[in-house]
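Take a look at the structure below.
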Amino acid sequence: MTTSVARVLATRTGAFRNGRTLALSTAASRRFISIKPIYTAEATATGGRNGRAVSSDNVLDVQLTLPKALGGPGDAGKTNPEQLFAAGYSACFQGAMGLAAKNLHVALPETNTVTGIVHIGKDSAGGLGLSVELRVKAPGLDKETAQKVVDLAHTICPYSRATSGNIDVKLSVI
């Protein structure tokens, strides 16, 4: 890691003040959990937010555009990383809901949906950050039961576990 990258990281985590690097904050020194991979996804981006992203098997091949709200062209027919994150998180969370429902002995309606909403904006340190809302519809389940499924799914979903303590995630049963 170059000195300038280390300084940026230290500044963002609050560990760099008055020209001195301090001990890393709790968030920056968080313990990482190792896994034994079962499946590995791979994609390559070129051109950044106004480029292209392609998966290693070529199933995913998307053109990217910086949204107008972020000062970009917002080209029609192109996507952005926030939309891709919203799609991935909501699909993963819906799968976790199936496992949660099974563990709770609840019949999850096949018509259930999870809508992922990803916000990007300024954080308290002046950088960019993300927040997420997952809106769950489970027609045929009472709201209390659906909330129990959603709460358990949030402890199971790999995306939820990866974002825990890093970004705000709001769960809504509607």
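Note that these values count all heavy atoms, side chains included, but never hydrogens, waters or copies made by symmetry.
Residue Leu134 holds its CG atom at 7.5 Å from SG of Cys157, rounded to the nearest 0.5 Å. Here the straight-line distance linking atom CD1 of Ile156 with atom CG of Asn103 works out to 5.5 Å at 0.5 Å rounding. Separation of atoms CG (Leu99) and CG (Leu104) is listed at 9.5 Å; rounding is to 0.5 Å. Put simply, CG on Leu66 and CG on Asn80 are 8.0 Å apart, with the number rounded to the nearest 0.5 Å. Rounding to the nearest 0.5 angstrom, the gap separating the CD1 atom in Ile167 from the CG atom in Leu130 is 5.5 Å.
Hydrophobic clustering, with ILVMFWY side chains joined whenever heavy atoms are under 4.5 angstrom apart, keeps Val150 apart from Ile117.
The side-chain hydrogen bond (donor to acceptor under 3.5 Å, both in side chains) test applied to Thr79 returns Gln83, not counting sequence neighbours. Applying the side-chain contact (heavy atoms from CB on, under 4.5 Å) rule to Thr111 yields the partners Pro109, Pro139; only residues at least two apart in sequence or on another chain are considered. Residues passing the salt bridge (Lys or Arg N to Asp or Glu O under 4.0 Å) test with Asp57: none are found, sequence neighbours excluded. With sequence neighbours excluded, the residues forming a side-chain hydrogen bond (donor to acceptor under 3.5 Å, both in side chains) with Ser172 are Glu133, listed by chain and number.
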Between side-chain atoms of residues 89-98 and protein atoms elsewhere (two or more places apart, or another chain), which donor-acceptor pairs fall under 3.5 Å?
residue	atom	partner	partner atom	Å
Tyr89	OH	Ser160	OG	2.8
Ser90	OG	Ala86	O	2.8
Ser90	OG	Ala87	O	3.2
Gln94	NE2	Asn112	O	2.7
Gln94	NE2	Asn112	OD1	2.7

Can you check side chain to side chain contact (heavy atoms under 4.5 Å, CB included) on Thr163 and Val132, steps first, answer last?
-> CA-CA 10 Å; Thr163 60; Val132 173; 6.0 Å; no
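Within the 3.5 Å criterion, the main-chain N or O of Val59 finds a donor-acceptor partner in the side chain of Ser55.
Other members of a hydrophobic cluster containing Ile38 are absent, since no ILVMFWY side chain comes under 4.5 Å of it, directly or through relayed contacts. Grouped by direct or indirect side-chain proximity (heavy atoms under 4.5 Å, Ile/Leu/Val/Met/Phe/Trp/Tyr only), Leu84 sits with Leu60, Val62, Leu64.
Sequence neighbours left out, the pairs with a member in residues 36-51 that pass side chain to side chain donor-acceptor pair (under 3.5 Å) are Arg49-Glu82. Evaluation of the salt bridge (charged side-chain N to carboxylate O under 4.0 Å, His left out) test over residues 138-158, restricted to residues two or more places apart or in two chains, returns Glu144-Lys148. Residue pairs meeting the salt bridge (charged side-chain N to carboxylate O under 4.0 Å, His left out) criterion with at least one partner in residues 158-174, sequence neighbours excluded, do not occur; the list is empty.
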